[in-house]
Amino acid sequence: NDGYAPKTIKNVFLNLKAAMDKAVELKMLPANPCTGTKLPKIPKYEPRIYDWDEIENVLSCARGTDMYFPLLLEVTTGLRRGELLAVTWDDVDFETGIMHIHRNRVVADHEVIVKPPKSRAGIRDIALGEQLLDILQGEYLRYQADRQEFGSNFHDSRLLVRKEDGSPYHPHAWTKKWKRFQKANGLEENRFHDLRHSNTTALVESGVDLKTIQQRL
């Protein structure tokens, strides 16, 4: 009645059911009152895929702001949010044009941790195009300039996606930043993760073979 989402209701219910099961086991209750309860259905989420024109519009809105580089990186690499927030300059090989993905910045037990990607296949190398490499080199120069300007106040995380003073983004804060960006620019709302789907769709439409797409993702 308070308007909680079906997923939240299910999470609470499962905890309650487990407690009642234990109560029955300890003979505190004759039966579990949760048995037979019908939960509200969790609607299946349909990702909102940006087409070419919409991707161009997103980047156009972001140009000249601190969102442009992260969004360009996302739509061209298709990284998970945690992977995008964990990539450092040590992971970028400018000579070979390769980006090494082997870390994931996530929230666990209300704390931000850095751990390997969600599967072994998530540890991978992604080839970067010449245009993106040029932009990365310019961004690296900006990182060095910020480090010099802030001096001892610079948090040298060596992260590609960072705050101006070098400190990392909390994953939840990044999601909120994305939502604010969408709202401020009148963009149709979707999840940040949907940009990963948009990258996949763009690769397919560009004629990239499915095995290569799978390896990149």
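A quick note: this is a predicted structure, and the numbers were derived from the prediction, not measured.
Under a hydrophobic clustering in which Ile, Leu, Val, Met, Phe, Trp and Tyr are joined whenever their side-chain heavy atoms come within less than 4.5 Å, directly or via other members, Val87 and Leu73 fall into the same cluster. Ile135 and Val161 fall within the same hydrophobic cluster, defined by Ile, Leu, Val, Met, Phe, Trp and Tyr side-chain heavy atoms under 4.5 Å apart, directly or through other members. There is a path of hydrophobic side-chain contacts, each under 4.5 Å, that joins Leu217 to Leu210. When the side chains of ILVMFWY residues are joined at heavy-atom separations under 4.5 Å, either directly or via intervening members, Leu14 and Leu29 end up in two distinct hydrophobic clusters. In this structure, Leu159 is not a member of the same hydrophobic cluster as Phe154, with clusters built from ILVMFWY side-chain heavy atoms closer than 4.5 Å.
Listed for the Asn185 side chain is a donor-acceptor partner under 3.5 Å among the backbone atoms of Phe181. With Arg147 contributing its side chain and Asp165 its backbone, the two residues share no donor-acceptor pair below 3.5 Å. Asn32 places a side-chain N or O within 3.5 Å of a backbone atom of Lys17 that can act as its donor or acceptor partner. Between the Thr76 side chain and the Leu72 main chain, a donor and an acceptor come within less than 3.5 Å of each other. At distances below 3.5 Å, at least one donor-acceptor pair connects side-chain atoms of Arg105 with backbone N or O atoms of Tyr169. Ser206 contributes a side-chain N or O that, together with a main-chain N or O of Ala202, makes up a donor-acceptor pair within less than 3.5 Å. Not a single donor-acceptor pair under 3.5 Å links the side chain of Asn104 to the backbone N or O of Pro116. Of the possible polar contacts, none joining the His155 side chain to the Ser157 backbone as a donor-acceptor pair under 3.5 Å is found.
Checking Asp66, Asp146, Asp156 one by one against Arg162, the salt bridge (Lys or Arg N to Asp or Glu O under 4.0 Å) holds for a single residue, Asp146.
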Practice prompt. Start with the C-alpha gap between Glu205 and Trp52, add the side-chain angles, then the distance that decides, and say whether side chain to side chain contact (heavy atoms under 4.5 Å, CB included) holds.
Written response: CA-CA 10 Å; Glu205 291 178 350; Trp52 282 105; 3.1 Å; yes
Discussion item. Side chain to side chain contact (heavy atoms under 4.5 Å, CB included), that's the test. Do Val204 and Val208 meet it? Break it down for me.
Written reply: CA-CA 6 Å; Val204 171; Val208 179; over 6 Å; no
Practice prompt. Evaluate the criterion side chain to side chain donor-acceptor pair (under 3.5 Å) for residue pair Arg196 and Thr77; output intermediate values, then yes/no.
Written response: CA-CA 8 Å; Arg196 176 172 162 86; Thr77 61; over 6 Å; no
Worksheet item: Would Leu195 and Leu71 satisfy side chain to side chain contact (heavy atoms under 4.5 Å, CB included), going step by step from the backbone distance to the final call?
Response: CA-CA 9 Å; Leu195 293 180; Leu71 291 179; 3.8 Å; yes
Worksheet item: Does the side chain to side chain contact (heavy atoms under 4.5 Å, CB included) test come out yes or no for Leu160 and Tyr140, once each step is laid out?
Response: CA-CA 8 Å; Leu160 270 66; Tyr140 182 67; over 6 Å; no
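Ile9 places a side-chain heavy atom less than 4.5 Å from the side chain of Pro40. When side chains are defined from C-beta on, Val106 does not count as touching Val112, because their heavy atoms never get closer than 4.5 Å. Contact of the Tyr50 side chain with the Val75 side chain is not registered, since no non-hydrogen atoms from C-beta on lie closer than 4.5 Å. Annotation: side chain of Ile98 is not in contact with side chain of Leu128 (no heavy-atom distance under 4.5 Å). Between Trp174 and Leu85 there is a side-chain heavy-atom pair separated by less than 4.5 Å. Looking at heavy atoms from C-beta onward, Leu59 lies in side-chain contact with Ile55 at the 4.5 angstrom threshold.
The environment of CD in Glu56 is sparse: at most 12 heavy-atom neighbours from other residues, nucleotides or ligands sit within 6.0 Å. Heavy atoms from other residues, nucleotides or ligands lying under 6.0 Å from CD of Glu111 number 12 at most. Surrounding CD of Glu164 are at most 12 heavy atoms belonging to other residues, nucleotides or ligands under 6.0 Å away. At most 12 heavy atoms of other shown residues, nucleotides or ligands fall within 6.0 angstrom of atom NZ in Lys7. Atom NZ of Lys10 has 12 or fewer heavy atoms from other residues, nucleotides or ligands within 6.0 Å. More than 12 heavy atoms of other shown residues, nucleotides or ligands fall within 6.0 angstrom of atom CG in Leu141.
Between Glu188 and Arg48 a salt bridge is recorded (basic side-chain N to carboxylate O distance below 4.0 Å). Under 4.0 Å is where a charged nitrogen must lie from a carboxylate oxygen, and between Glu83 and Arg124 at least one such pair does.
In this structure, Asn199 CG and Glu74 CD are separated by 7.0 Å, a value rounded to the nearest 0.5 Å. One finds the CD atom of Gln131 at 11.0 Å from the CG atom of Leu136 (value rounded to the nearest 0.5 Å). The CD atom of Gln214 sits 13.0 Å away from the CG atom of Leu203 when rounded to the nearest 0.5 Å. Atom CG of Asp21 is separated from atom SG of Cys34 by 7.5 Å, given to the nearest 0.5 angstrom. The distance from atom CE of Met28 to atom CE of Met20, rounded to the nearest 0.5 Å, is 9.0 Å. A distance of 9.0 Å separates NZ of Lys163 from NZ of Lys177, quoted to the nearest 0.5 Å.
Side chain to side chain, Thr88 and Asp91 meet the donor-acceptor criterion of an N or O pair below 3.5 Å. Side-chain polar atoms of Asp93 and Thr96 form a donor-acceptor pair below 3.5 angstrom. Side chains of Gln215 and Asp125: a donor-acceptor N/O pair is absent below 3.5 angstrom, by distance only. For the 3.5 Å distance criterion, the side chains of Asp209 and Thr212 qualify, holding a donor opposite an acceptor.
A ring-centre distance under 6.0 Å is not found for His100 and His102.
Between Ala31 and Val24, the closest heavy-atom pair is C-CG2, 3.5 Å. Across all their heavy atoms, Arg191 and Pro47 have their closest contact at NH2-CB, 4.3 Å. Across Leu187 and Cys61, no two heavy atoms sit closer than the pair CD2-SG, 4.4 Å.
Between Trp89 and Phe94, the two ring planes are parallel [angle under 30°; tilted spans 30° to 60°]. Between His197 and His193, the two ring planes are perpendicular [angle over 60°; tilted spans 30° to 60°]. The aromatic rings of Phe192 and Trp178 sit perpendicular, their planes meeting at an angle over 60°, well past the 30° parallel limit.
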